[in-house]
Amino acid sequence: MTTHGTAAPTDFIRAIINEDLKTGKYGGRVHTRFPPEPNGYLHIGHAKSICLNFGIAAQYGGLCNLRFDDTNPVKEEEEYVESIIEDVRWLGFDWQDRLFYGSDYFEQMYEYAVQLIKAGKAYVDDLSADEVRQYRGTLIDPGRESPHRSRSVEENLDLFERMRAGEFADGSRVLRAKIDMSSPNLNMRDPAMYRILHAEHHRTGDRWCIYPMYDWAHGLEDSIEGITHSICTLEFEDHRPLYDWFLEELGVYHPQQIEFARLNLTYTIMSKRRLLQLVERGHVTGWDDPRMPTVSGLRRRGYTPESIRSFCERIGVAKTDSTIDVALLEHCIREDLNKRAPRVMGVLRPLRVVIDNYPEGQTEEVDAVNNPEDPDMGMRKVPFSRVLYIEQDDFREDPPDKFFRLAPGREVRLRYAYLITCVDVVKDERTGEVVELHCTYDPETRGGTTPDGRKVKGTIHWVSAAHALEAEVRLYDRLFTVEDPGDVADFESVLNPNSLETVTGCVESSLAGAAPGNRYQFERLGYFCVDSKDSSSGRLVFNRTVTLRDTWAKIEKKL
RNA sequence: UGGGGAUUGGUCUAGCGGUAGGACAGCGGACUCUGGAUCCGUAGGCCCAGGUUCGAAUCCUGGAUCCCCAGCCA
């Protein structure tokens with residue numbers, strides 16, 4: 001893979017690598033890995049880690065493995081493996097032939113465990129989970145040694161072998177490292193290395209009924225793969241001494257663990273457990289619901305891999321707990337789509353407009369620019385006729401100050417078409433709702449120009465009624481109403497009831513063959529993409545990725 | 001009150017003894033056939049207290065605050 005973006009910043013991790021390179025610590029090698037557990041879909045926080053690990057490998061001409069940390073069969077599923085592979089690839093990264101699974105090393109890990117038992121550094125404990133907890137002590141009080149701690153090597157070997165053979169029930173025994181029950185670091189108080197789990201593993205089936213714990217397995221996986229810099233999140237800082245202890249006692253290759261702060265985003269929940277809950281309780285339609293911060297959700301929402309990578313680069317890497325303003329993510333997708341998305345006209349909430357002085361039955365085509373940011377994207381023809389739809393928001397019967405759009409007696413420009421003046425307003429007799437406008441057009445202003453030099457402040461978008469394509473448009477907003485839903489005990493109570501509004505609008509005819517996943521800018525509204533699941537040629541469905549910056553909304557708010 | 005980490009404008013982030021910089025957000029303006037984009041301008045910060053030094057965000061001492069750890073989860 002190639003390096004994305006411009007010169008990567010030298011954060012504290014790269015500073016460490018630079019130093020290691022200088023001292024030749026790993027013989028000039030840089031080898032990282034992204035080690036997800038396949039128990040959920042990847043989210044934007046994982047994207048940060050992916051960009052970091054793969055980005056560093058690319059930058060230093062090193063390698064980055066994709067490795068599934070699949071040591072807990074009761075939580076992991078093949079579906080998650082597949083989605084993770086798809087997501088990492090979609091983000092633009094490549095692990096070549098280095099797709100690994102922790103479960104590939106189960107036999108090796110078992111042998112290492114036997115080695116530790118033989119060295120008198122591990123023992124089989126018969127205490128129940130509850131007893132183990134009681135023996136562990138507390139944050140301030142030391143723990144007590146298990147009565148089984150001093151079993152002979154032979155007995156431990158025999159017991160461990162029988163654990164593997166399936167002679168014991170789940171939870172009845174565990175293999176523990178023999179370290180220090182009075183360590184102030186609780187992770188060092190004889191942590192469990194293996195637990196008995198008679199569960200079907202998505203890869204190893206029923207070959208095993210004992211499974212390694214993360215702390216035991218993870219460092220071994222890194223060691224076996226020859227990882228140089230084992231990058232993980234802050235909460236594992238306390239585990240590093242244990243990681244180091246295992247590798248030291250085994251006398252095997254020893255990578256260096258470095259911890260950084262995980263990503264938090266305002267108005268967003270990032271915990272897999274909670275995301276799962278949103279899915280299971282039906283608050284969203286699935287892991288790939290466009291409101292989800294998952295990679296698949298962002299993809300379906302219309303985010304580009306480039307925008308996500310750019311975001312991950314901008315947020316930086318440090319050890320400070322931080323919460324990034326979701327506005328930065330939005331900035332990144334606008335920035336990317338502004339340059340690349342073709343412009344198109346679509347009306348979300350149509351208001352019928354009849355051009356009284358335009359010949360009935362006549363149609364003409366006006367020229368429209370596909371992307372003012374990129375002349376290479378060319379021009380297109382847009383049909384114009386007597387009856388149009390404009391945005392309801394673009395008309396006010398009683399326009400406030402600074403409202404430049406249409407109002408009774410007002411003249412505005414129809415983008416790329418003509419200047420029109422509103423001459424009559426038709427309302428529903430019962431509700432008083434404006435249902436139709438009558439306007440006149442100035443034939444001299446074709447293409448939106450004013451031969452007499454007259455200035456028109458407002459330009460609005462429109463779609464010819466006779467040519468319009470009906471489209472379902474899903475208007476997404478943030479999922480939560482508060483900045484930090486993660487701090488709210490019952491985060492479901494703080495869900496935004498208006499996170500999705502579905503409208504039936506109409507779009508210009510050039511969108512007829514719009515392919516799923518295609519992204520467009522609906523002029524003056526925002527960026528939209530064709531929904532990859534629900535859209536078809538017979539029924540167009542668009543997702544709003546993000547609105548355009550809306551200066552008028554700000555002005556109006558202050559009025 | 002055990003251990004491990006962290007603390008720079010609203011939010012992120014640079015700085016490594018020598019004028020505190022950038023991004024996003026905010027505010028003001030210019031320009032505009034998208035109230036978009038672009039451009040220009042502007043406000044706002046070193047957790048606190050001592051000390052070392054000609055000079056401290058940076059070094060030292062003490063304190064404060066926040067985060068993580070008592071799964072047979074990762």
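Residue numbering restarts at 1 for every chain, and letters A, B, ... go by the order of the sequence lines. Computed from heavy atoms alone, side chains included, the values below leave out hydrogens, waters and symmetry copies.
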For the pair made of [atom1] in [X] and [atom2] in [N], what is the distance, rounded to whole Å?
| X | N | atom1 | atom2 | value |
| --- | --- | --- | --- | --- |
| L329(A) | A23(B) | CG | C1' | 14 Å |
| N370(A) | G36(B) | CG | C1' | 16 Å |
| E76(A) | C73(B) | CD | P | 11 Å |
| Q257(A) | G4(B) | CD | P | 16 Å |
| D222(A) | A74(B) | CG | C1' | 13 Å |
| E313(A) | C24(B) | CD | C1' | 15 Å |
| N185(A) | C68(B) | CG | P | 16 Å |
| R14(A) | U13(B) | CZ | C1' | 14 Å |

Taking [M] as the reference, what is the distance to [N] when you measure between their [atom1] atoms (whole Å, please)?
| N | M | atom1 | value |
| --- | --- | --- | --- |
| U11(B) | U32(B) | P | 38 Å |
| G21(B) | U53(B) | P | 28 Å |
| U19(B) | C46(B) | C1' | 15 Å |
| G44(B) | C27(B) | C1' | 11 Å |
| C69(B) | A74(B) | C1' | 14 Å |
| G4(B) | C60(B) | C1' | 23 Å |
| U8(B) | A56(B) | C1' | 14 Å |
| A49(B) | U7(B) | C1' | 16 Å |

*Which heavy atom of L419(A) sits nearest a heavy atom of G448(A), and at what distance?*
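Heavy atoms of L419(A) and G448(A) come nearest at CD1-O, 4.1 Å.
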
If you check the [X] side chain, which of [options] turns out closest?
| X | options | result |
| --- | --- | --- |
| K558(A) | U34(B), A25(B), G28(B) | G28(B) |
| R136(A) | G71(B), G35(B), C67(B) | G71(B) |
| E235(A) | G4(B), C68(B), G36(B) | C68(B) |
| Q521(A) | C12(B), A37(B), U34(B) | U34(B) |
| S322(A) | U13(B), C73(B), C67(B) | U13(B) |
| E373(A) | C24(B), C73(B), G36(B) | G36(B) |
| K319(A) | C72(B), G5(B), C12(B) | G5(B) |
| D238(A) | C12(B), A23(B), G3(B) | G3(B) |
| R195(A) | G71(B), A74(B), C69(B) | A74(B) |
| D325(A) | U34(B), C73(B), U11(B) | U11(B) |

*asked:* In terms of relative ring orientation, are W208(A) and Y110(A) parallel, tilted or perpendicular, with 30° and 60° separating the classes?
replied: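 Geometry flag for Y110(A) against W208(A): tilted rings.
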
At under 4.0 Å between heavy atoms, what does [X] touch on the DNA or RNA strands: base, sugar-phosphate, or nothing?
| X | value |
| --- | --- |
| L139(A) | base |
| R405(A) | base |
| R413(A) | base |
| A318(A) | sugar-phosphate |
| R415(A) | base |
| F12(A) | nothing |
| E237(A) | sugar-phosphate |
| L328(A) | sugar-phosphate |
| F236(A) | base |
| K554(A) | sugar-phosphate |
| E37(A) | sugar-phosphate |
| T323(A) | sugar-phosphate |
| H461(A) | nothing |
| P372(A) | base |

*At under 4.0 Å, does any side-chain N or O of R133(A) touch on OP1 or OP2 of G71(B)?*
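So the side-chain polar atoms of R133(A) do come within 4.0 Å of the phosphate oxygens OP1 or OP2 of G71(B), strictly under.
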
*Given C72(B), is OP1 or OP2 found less than 4.0 Å from the side-chain N or O atoms of S128(A)?*
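For S128(A), the contact criterion (side-chain N or O under 4.0 Å from OP1 or OP2 of C72(B)) is not met.
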
*Nearest-nucleotide wise, let me know which of P35(A) and Y527(A) is further upstream toward the 5' end of RNA chain B.*
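Per heavy-atom nearest nucleotide, the more 5' residue is Y527(A).
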
*asked:* Pick the closest RNA chain B nucleotide for D11(A) and for H239(A) by heavy atoms, then say which residue is nearer the 5' end.
replied: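 Final value for this comparison: D11(A).
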
Paired with [N] by Watson-Crick or G-U wobble geometry, both distances under 3.5 Å: which nucleotide is it?
| N | answer |
| --- | --- |
| G26(B) | U42(B) |
| C73(B) | none |
| U32(B) | none |
| A64(B) | U7(B) |

Taking [X] first and then [Y], would you say they form a salt bridge - that is, a charged N and a carboxylate O separated by under 4.0 Å?
| X | Y | answer |
| --- | --- | --- |
| E508(A) | R380(A) | yes |
| E19(A) | K22(A) | yes |
| R33(A) | E225(A) | no |

*asked:* Given 3.5 Å as the limit, does a donor-acceptor pair link the side chain of N264(A) with the main chain of S322(A), or not?
replied: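 Yes; at least one donor-acceptor contact below 3.5 Å.
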
*Taking the side chain as every heavy atom from C-beta outward, state whether F246(A) and M193(A) have any pair of such atoms under 4.5 Å apart.*
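A side-chain contact under 4.5 Å exists here.
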
*Decide yes or no for D130(A) and Q134(A): does some side-chain heavy atom of the first lie under 4.5 Å from some side-chain heavy atom of the second?*
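Of all side-chain heavy-atom pairs linking Q134(A) with D130(A), at least one is under 4.5 Å.
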
*Is the base of G71(B) syn or anti, if syn means a glycosidic angle within 90° of 0?*
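You should classify G71(B) as syn.
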
*May I ask you to verify whether the side chain of R343(A) and the base of U34(B) hold a donor-acceptor pair under 3.5 Å?*
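Side chain to base: pair present.
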
_Testing K381(A), R446(A), R415(A) one by one against D367(A) for a salt bridge (charged side-chain N to carboxylate O under 4.0 Å, His left out), which residue passes?_
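Passing option: K381(A).
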
*Qualifying residue for salt bridge (charged side-chain N to carboxylate O under 4.0 Å, His left out) with D126(A), from R149(A), R151(A), R176(A)*: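 Of the listed residues R149(A), R151(A), R176(A), the salt bridge (charged side-chain N to carboxylate O under 4.0 Å, His left out) partner of D126(A) is R151(A).
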
*Planes under 30° and centres closer than 5.5 Å, is that true for W552(A) with the base of G35(B)?*
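So yes, this residue stacks on that base, both cut-offs being met.
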
